[in-house]
Amino acid sequence: MMVFGCLFYPETLTLNFQTTVNMSHPLFIAIVSLVIFLTAYGNREFIFGKFEGNVVFDYSKNSDILSQLGLVGSSYASKCHGKVVKNKSQQNHTASRYGDALSGCDSPIELMQSTLDWIKDNLLDKIDFVVWTGDNVRHDNDRDHPRLESQIFEMNQVVADLIHSTFLTDKDRENQENIIDNSSRDIKIIPSLGNNDVYPHNMFSPGPTLQIREFYRIWRNFVPEEQLHVFGRGAYFFVEVIKGKLAVLSFNTLYLYTANPLVDNCDSRKQPGYQLFRWLGVVLEEMRKRDMKIWLTGHVPPVPKNYDESCLRKYIIWTHEYRDVIIGGLYGHMNIDHWIPLDSEWAYNSLAAEVFPSESIPFDLYTGFPELDIKDADGMSHRYDGVPVGKVRYMNSVREDLYARIAESNDSGIFSDRYSIAHVSTSVIPTYNPGIRVWEYNITGLVDEDEKRAEIQRHPPWSTFFEDLEVEMAEDEETDEFAFPTKDPSLPVKMPSKTPLGPAYVSQTFSPLRYVQLFANLTAINSGQSPFQYELEYTTDDSPYQMNSLLVDDWIKLGRKLGASTDDQCPSQYKHLWKSFLSRAFVQTDYEDTGI
């Protein structure tokens with residue numbers, strides 16, 4: 001069986017915490033959400049020991065916001081940056097070696113290093129590619145230690161070098177002088193920009209800029225060399241992780257993010273969000289021609305109030321019209337383990353309301369959704385201001401405004417194809433407990449090397465595509481911004497009616513089957529009750545989720561149950577389901593019971 005360009009045979013996977021996973025499929029791992037993708041599953045008994053098989057590592061959000069100033073024994077109130085606290089009465093609010101859940105402090109570098117070491121010791125020779133969703137630099141919330149641009153670039157470089165070196169295989173190390181970019185390394189790495197990776201935080205201009213040029217230098221080991229000019233436009237690119245079959249698109253979500261004051265919307269031709277969707281459309285169409293499938297990944301997830309409404313609806317419409325190509329979206333930023341159903345009917349209604357304001361829209365999700373960073377009733381957190389506040393209210397709004405509004409099956413389309421799914425992962429930051437996710441997915445039907453080479457040769461080289469793309473985008477930029485367009489290239493045409501649905505909807509090659517969620521229990525680790533390790537939190541096919549696969553229709557069915565739990569008359573198992581979902585959202589920290 002061919003997996004990601006190397007021969008692979010069904011085996012059994014063992015992790016270090018009493019769990020066994022059938023490894024006849026590749027793995028996708030994420031730190032933050034250690035997202036590991038497997039391929040077949042037979043053995044449901046888990047024995048965590050050593051891994052045998054191929055792994056794909058999704059380093060979502062890295063150690064999200066590494067702290068260069070963290071000091072063991074310093075106080076939460078000082079952002080864990082102050083002097084060591086010697087007053088015993090205050091020492092229960094001081095920083096531990098690996099950080100403390102709900103403390104509000106950023107990740108100690110040792111937390112990220114230990115996580116990478118754990119992966120290196122257990123998984124390195126099984127990993128296929130890494131999705132790394134950014135935020136490598138501490139938050140800009142310490143007035144005593146303001147961030148400098150030089151420090152931000154330096155920390156991004158430190159983390160990039162660490163990730164680059166961690167995921168070099170023995171073969172890569174023997175040939176290290178020839179490792180130019182992803183195309184020449186065994187384990188592909190796909191980074192994305194986080195809102196704290198840039199200076200000032202949240203603010204990112206359209207390219208070309210000196211900042212983008214600096215990120216290309218920092219990411220020189222990851223960005224394909226032939227995409228340099230496209231990358232210079234806005235720090236977006238894609239990587240073929242299985243040549244001719246599967247790609248991961250790094251989507252610069254800072255151009256869609258409402259907290260970025262340098263962008264306004266995604267409708268104006270001169271806006272970088274418009275150009276981002278212009279690029280996305282050309283790439284997706286080429287992927288469709290080549291019969292390739294893709295994962296979208298970025299930092300900020302497509303949640304109402306995260307994205308400008310014009311950007312959110314375009315994102316949803318693109319995922320809907322290319323539902324034969326797109327498998328799903330992988331995001332970080334929010335640190336909360338949950339998922340977002342993206343409703344194409346809402347997106348088209350929103351677009352109609354923009355064009356025809358007098359039209360009646362069934363409901364306005366966007367204006368009805370709450371702000372995401374809610375403080376206490378008095379406007380402030382009662383603890384350090386980095387502590388998550390109001391996140392139970394946010395999760396309740398996800399339940400009431402998203403899950404409870406999922407359409408009935410007869411209105412959801414074939415295989416629920418009215419919807420697409422965005423996955424939001426936990427992070428390796430002690431906002432809650434650090435988390436890692438292991439996905440199992442289908443690789444049935446992957447061809448052998450000779451067949452694959454013959455298929456690739458039927459298409460022009462990517463270098464030709466990028467040359468044509470550069471010309472096309474340059475011509476579009478020269479168009480008068482106020483000229484009446486014959487069509488809007490930042491919006492897709494309808495998917496051809498006879499196009500078969502892709503792996504997100506119908507079981508086929510690359511369809512996700514299930515995942516295993518792992519977490520590091522910081523309380524036990526910091527107290528010495530446990531060595532540093534990740535342990536099993538839950539699996540999607542066990543109680544109470546009991547999902548037979550992870551197709552969109554499976555998520556939509558789960559969402560209906562979660563949404564029904566708002567009804568006082570609902571079955572008790574739905575109430576239990578929501579309670580479990582909330583506990584998992586906050587990674588077993590009992591945050592939902594704190595009242596903050």
Side-chain angles (χ1 to χ4, degrees), residues 33 102 195 253 256-259 299-309 311-313 315-316 329 331-347 349-350 353 361-381 387-408 412 418-427 431-432 545 555-570 574-587 589-596:
S33 74
L102 307 183
N195 61 303
T253 56
L256 319 179
Y257 189 31
T258 54
H299 181 67
V300 181
V303 176
K305 299 291 175 73
N306 270 351
Y307 289 8
D308 180 84
E309 184 173 359
C311 303
L312 180 63
R313 64 182 175 234
Y315 177 94
I316 296 173
Y331 298 91
H333 182 63
M334 300 181 72
N335 310 314
I336 301 171
D337 179 355
H338 64 302
W339 56 276
I340 303 297
L342 302 172
D343 185 357
S344 62
E345 184 171 309
W346 171 85
N349 284 340
S350 173
I361 304 301
F363 68 91
D364 194 336
L365 166 67
Y366 196 83
T367 57
F369 211 74
E371 298 292 344
L372 299 181
D373 293 315
I374 306 165
K375 297 297 183 184
D376 286 352
D378 60 2
M380 294 294 294
S381 167
V387 170
V389 177
K391 301 309 180 185
V392 173
R393 181 180 167 190
Y394 163 73
M395 287 303 295
N396 283 332
S397 69
V398 169
R399 175 173 59 161
E400 295 162 11
D401 295 327
L402 296 178
Y403 299 155
R405 291 185 174 185
I406 290 174
E408 295 300 321
S412 294
R418 168 176 166 174
Y419 295 93
S420 55
I421 304 296
H423 299 279
V424 186
S425 299
T426 57
S427 304
T431 303
Y432 310 104
Y545 292 173
W555 290 109
I556 293 303
K557 288 175 180 175
L558 175 63
R560 290 193 185 104
K561 294 176 182 177
L562 292 168
S565 67
T566 59
D567 187 347
D568 292 337
Q569 306 301 317
C570 74
Y574 289 179
K575 297 286 187 182
H576 173 69
L577 177 65
W578 175 251
K579 185 176 181 180
S580 296
F581 187 74
L582 210 56
S583 177
R584 293 168 177 181
F586 303 122
V587 203
T589 56
D590 296 327
Y591 170 81
E592 65 276 16
D593 299 324
T594 62
I596 59 175

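Nothing fancy with the numbering, it's 1 onward along the sequence. Nothing here was measured: the structure is a model prediction, and the numbers come from that model.
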Should the pair Phe586 and Tyr432 be assigned to parallel (<30°), tilted (30 to 60°) or perpendicular (>60°) ring geometry?
->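 Tilted, since the angle between the ring planes falls between 30° and 60°.
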Do Asp308 and Leu256 pass the side chain to side chain contact (heavy atoms under 4.5 Å, CB included) test, and can you show the C-alpha distance, the side-chain angles, and the key distance before you say yes or no?
-> CA-CA 6 Å; Asp308 180 84; Leu256 319 179; over 6 Å; no
Gap separating the [atom1] atom of [X] from the [atom2] atom of [Y], nearest 0.5 angstrom:
X      : Y      : atom1 : atom2 : value
His333 : His299 : NE2   : NE2   : 5.0 Å
Ile316 : Asp343 : CD1   : CG    : 7.0 Å
Ile596 : Arg393 : CD1   : CZ    : 15.0 Å
Arg584 : Glu592 : CZ    : CD    : 12.0 Å
His338 : His423 : NE2   : NE2   : 12.0 Å
Glu400 : Arg405 : CD    : CZ    : 9.5 Å

So, do [X] and [Y] have ring centers that fall under 6.0 Å from each other?
X      : Y      : value
Phe581 : His576 : no
Tyr307 : Tyr257 : no
Tyr403 : Trp555 : no

Under 3.5 Å, side chain of [X] to main-chain N/O of [Y], donor-acceptor pair present?
X      : Y      : result
Ser397 : Tyr394 : yes
Asn306 : Pro302 : no
Lys575 : Ser565 : yes

Going through the checks in order, is the side chain to side chain contact (heavy atoms under 4.5 Å, CB included) test met by Tyr574 and Asp567?
-> CA-CA 9 Å; Tyr574 289 179; Asp567 187 347; over 6 Å; no
Close side-chain approach of Thr258 to Lys305, heavy-atom, < 4.5 Å |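 SC-SC contact between Thr258 and Lys305 ruled out.
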Is there side-chain contact between Ser425 and Asp337, with at least one heavy-atom pair below 4.5 Å?
->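 A side-chain contact under 4.5 Å is absent here.
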Got a sec, which residues hit salt bridge (Lys or Arg N to Asp or Glu O under 4.0 Å) with Lys557, two or more places apart in sequence or on another chain?
->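 With neighbours one apart ignored, the set is Asp553.
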Measure from NZ or CZ of Arg313 to the centre of the six-membered ring of Trp346 and say whether it is under 6.0 Å with the direction within 45° of the ring axis.
->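 Checked: cation-pi criterion not met.
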Of all heavy-atom pairs between [X] and [Y], which one has the smallest distance, and what is that distance?
X      : Y      : answer
Gly390 : Tyr591 : N-OH, 3.4 Å
Ala407 : Ser412 : O-OG, 3.1 Å
Pro341 : Ile556 : CB-CD1, 4.2 Å
Leu577 : Leu562 : CG-CD2, 3.7 Å
Val424 : Gly332 : CG1-O, 3.7 Å
Arg560 : Glu408 : NH2-C, 3.4 Å

Do Tyr315 and Leu342 pass the side chain to side chain contact (heavy atoms under 4.5 Å, CB included) test, and can you show the C-alpha distance, the side-chain angles, and the key distance before you say yes or no?
-> CA-CA 9 Å; Tyr315 177 94; Leu342 302 172; 3.5 Å; yes
Do Asn396 and Arg399 have side-chain atoms, one donor and one acceptor, less than 3.5 Å apart?
->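 Yes - a donor-acceptor pair under 3.5 Å links their side chains.
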Between Ser427 and Asn335, does a side-chain hydrogen bond (donor to acceptor under 3.5 Å, both in side chains) hold up when you go through it step by step?
-> CA-CA 5 Å; Ser427 304; Asn335 310 314; 2.8 Å; yes
